[in-house]
Amino acid sequence: MSEPKPRKLKINILRYDPHVVGDEPHIDTFEIEEAPGMTLFIVLNDIREHHDASLKFDFVCRAGICGSCGMLINGKPGLACSTLTSKLPEEINLAPLPFFELIGDLSVYNGKWMRGMNERLETWIHHKEKELRSINRIEEPMDPDLAEEIYELDRCIECGCCVAGCGTIQMNENFVGAVGLNKIARYKLDPRDERTDADYYELIGDENGVFGCMTLLGCEDVCPKKLPLQSKIAYLRRQMVKTGLNENVTKCNCLQHEEKMPEH
Amino acid sequence: MRIIYTDVLVVGGGLAGLRVATGVQERGHRVIVLTLVPPKRSHSAAAQGGMQASLGNCAMGWGDNEDIHFEDTVKGSDWGADQQVVRMFVNTAPKAIRELTHYGVPWNRVRKGKHTAIINAEKVEIEEREEAHGLITARDFGGTKKWRTCYTSDGTGHSMLYAMDNKAHENDVKIHERMEAMSVIHRHGRCYGVVARNLMTGEIVAYIAKATTIATGGYGRIYEVSTNAIICQGTGQAIALETGIATLGNMEAVQFHPTAIVPVGILTTEGCRGDGGILRDVDGYRFMPDYEPEKKELASRDVVSRRMIEHIRKGKGVPSRYGDHLWLDITILGREHIEKNLREVKDICENFLGIDPAEEWIPVRPTQHYSMGGIRTKYTGESQTLKGLYACGEAACWDLHGFNRLGGNSVSETVVSGMLVAEYISDFCDSPQSHIGISTGAIEDFVRIEEEKIRRLLNNDGGEDAYVLRRAMEKIMMEKVGIFRNGRDLQDAVEQLEQLHIRSKNISVFRSKSYAANPALVVAYRTQKMIKIALTVAYGALLRTESRGAHAREDYPMRDDINWLKRTITSWPDPEQTLPTVTYEPIDILEMELPPGWRGYGKRNIIENPDSMIQQAKIDAIRNELLARGADRFAIQKALMPYEHLLPEKYRGRNERLYERFDDEKDEV
């Protein structure tokens, strides 16, 4: 039996090079013959090699694990490298991830944003003692289930899809995004991190953090690693409400208003 | 012209580079890391299966120690490794993993009590000790006597890289992203930094430092199909080579991983086989026990890859439109295990093959995976010939892996070498020798050369198409410098690559003429460098008329310990020469702790060197004498091949284990 005739894919790419004087955002269309097992990684490299060598996009691992190639694929944020064309219609619209600084065409500078977010939320283990007592000694035990739970949240690849799919951040650019909140959930779970809920409250207990989220949850829909963002944001919000109230209670106690909690 | 001064410059933001950066910063030196991509996107993140360190916590790792890890690694290397370096490595690996635990890696832990595992395609019950509960566990990997490969599911490299990058954030290490090192600045045999190009704006910047470290990973992308990330193009090795002074070691030693998926070449971890997965042929038959009765699917990678090709050549491959392949069967591990411990593999199978590996077999084929060769360095990571230039991780050849690397030893090497090299660099920076003695005028000359190269590429009309040359190179490497090699093909390969090299001097960048972000320009100048690297690999392979580790010559099938127990050293002293210069560095059997013998797997096909027996007799005598006197394993090791004095003082300590407990007060057994 002969194989069906391959589809002709029509690839529409939103292009703009901020380094070229006079360039305006525009759509370029390329026609590519589909091949079995074809991904958008193959499509874009084919275009660059055979049609337009100036086309800008980012790939590193091309295996769905490094988070470089987030882009809007028919309007939805996703990883281009692990998107099979066979799962898409003949006409495919590609655009850079919104919100991040544009380098050119489909390439965005999301590494810079991620760095800022990591610095702001101090996404590293905060030890009481900075130095290990001795790297020669047997490590501290950790509950095996807990280690697996931490790894579950550690799987985020900082691709930026959740940020691009976030309604809140479109209105408040200081919002830390699901990627940031997930990191706090990860460190909060980790017994090696000595930070208390009050410390986390300082980081995310406001409209730029967990209380800013409008619960549209586009983040969870688009996360390529299928992280449990919805339940983690809800969990953090409950914890932070509790912490916020306790914080205020403590403050009130200091001021000797012991009768009742302040009204909100 | 912008000049940026720092104490230490690190080129490459993967695990090795970041660990050097945090190390020198903690010693009080300013550091800048140049990276092509955000550090968390480096190829280190792709390491799936794990990191070898002889902790011995899990039942199947019980009794493990540095001696066994040493022996496995030297045998894996087919005696090509520098045994003192191996000793330094195995002693530091447990420290590295404990440090990474402190940085936050959520290693999988031992769970006390009974559990079942699949060993040799059968269910086996294993009981974990009560006192090991919650300590770091390990899985089985190829070529190891013990279960020694520590892991976080199959995202080990990811977790390690994230912890390391977060540590760099904490230490406020300066990262200059999307900066590509174009050439090494050097004068009078001393390296002073690099000329770098900003991949977003096109700006050319000189970075001047007391010490420069290249940690840019391997050169897998000179092959048409590779498991490597697309940025693993060997440009770090190339800029070292182009100094004409720095040398590369064992470039022909290229590893092929047995189980990359067909056709795209994405890796499925050795952990698949370590956890009990097996290989099957077109008839569904498990063939590896026929070839390797003892280690079966878990012989070293070079051996398993060759056995697979042998089997395919017997007509037992599974035909497909992309050529023949074999099957990796992990269905026997069960869905629960796969979804917990092999989840990246599952994602890859679903996304790229459209199959569920808990139900269906995975089409696999041996594929280029790792570069044992790299910038030749001393045990300190410093180039043997260009002072102030350092290299570590996969980019280097210091030489831990010889002619074949064991699975799980590479991510381990990245952090271990980073830890050690950071100390040696810091010592160097603390010494008066680190004085920067280059004028701004001389720096400017290096910058001008790079600017001129770019201008020429962009303005050259009617020259060669870089893509055409690159595809030709990739194809030559695939077809003629692959798993099995022979003199005729290698001769062809060298001649054709030499022609490509000559043509590459006349590359034009067509249409896309921007000096700023310009992928066509990047392809052009990297292709020039990649062809040189390809030549070092092919030429080294042609000249080496023996088979050792991953270098398998069909016309010279024996490992020749008389003539070829030596390292290939490659340089390119004159930019006009069209082939690299190759010399050799002898490896002395009479200084070895473990003299050459049979590896315990693979074909027993060796031209033995009489020195091996002499050295073995000497070792046996020393060992027996010391044993009779009641000496412990440390004393025996020390008598055979002292190495501790080479280590930085802070890493000389012994490693505590459940069966080698320390005194409460001091770090001693």
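Every chain is numbered from 1, with letters handed out A, B, ... down the list of sequences.
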Task: Structural part of A:Ile138 lying under 4.5 Å from a heavy atom of chain B - done: both

Open item on the list: Between A:Arg186 and chain B, with a heavy-atom cut-off of 4.5 Å, which part of the residue counts as in contact: side chain, backbone, both or neither?
Closed with: side chain

TODO: Just give me the residue among A:Ala147, A:Ser82, A:Cys61 that pairs up with chain B most often, heavy atom to heavy atom, under 4.5 Å.
DONE: A:Ser82

Task: Interface residue of largest heavy-atom contact number with chain B, from A:Gly104, A:Ser134, A:Gly37, under 4.5 Å - done: A:Ser134

- [ ] Side chain from CB out, backbone as N, CA, C, O: work out which of these in A:Phe57 comes under 4.5 Å of a heavy atom of chain B, or both, or neither.
- [x] neither

TODO: Counting only heavy atoms closer than 4.5 Å, note whether A:Asp193 contacts chain B via side chain, backbone, both or neither.
DONE: neither

- [ ] Identify which part of A:Thr123 has an atom lying under 4.5 Å from any heavy atom of chain B, answering side chain, backbone, both or neither.
- [x] both

Open item on the list: Let's test your reading of the structure: which of B:Asp347, B:Leu161, B:Thr227 forms the most heavy-atom pairs below 4.5 Å with chain A?
Closed with: B:Thr227

Open item on the list: Could you check whether A:Asp145 pairs with B:Arg111 (Lys NZ or Arg NE/NH1/NH2 to Asp/Glu carboxylate O, under 4.0 Å)?
Closed with: yes

- [ ] Name the orientation class of the two ring planes belonging to A:Phe99 and A:Trp113 (parallel below 30°, tilted from 30 to 60°, perpendicular beyond 60°).
- [x] perpendicular

- [ ] Examine whether an atom of B:Thr201 lies under 4.5 Å from a heavy atom of chain A, and if so say whether it belongs to the side chain, the backbone or both; otherwise answer neither.
- [x] both

Open item on the list: So for A:Arg192, is it side chain, backbone, both, or neither that comes closer than 4.5 Å to the heavy atoms of chain B?
Closed with: side chain

Open item on the list: At a 4.5 Å cut-off on heavy atoms, which part of A:Glu149 comes close to chain B: side chain, backbone, both, or neither?
Closed with: neither

Open item on the list: Is the ring pair A:His127/B:His102 parallel, tilted or perpendicular, if the boundaries are 30 and 60 degrees?
Closed with: parallel

TODO: Output yes when A:Glu152 and B:Arg343 qualify as a salt bridge under the 4.0 Å nitrogen-oxygen rule, no when they do not.
DONE: yes

Task: Residues B:Glu660, B:Arg654: salt bridge by 4.0 Å N-O rule - done: no

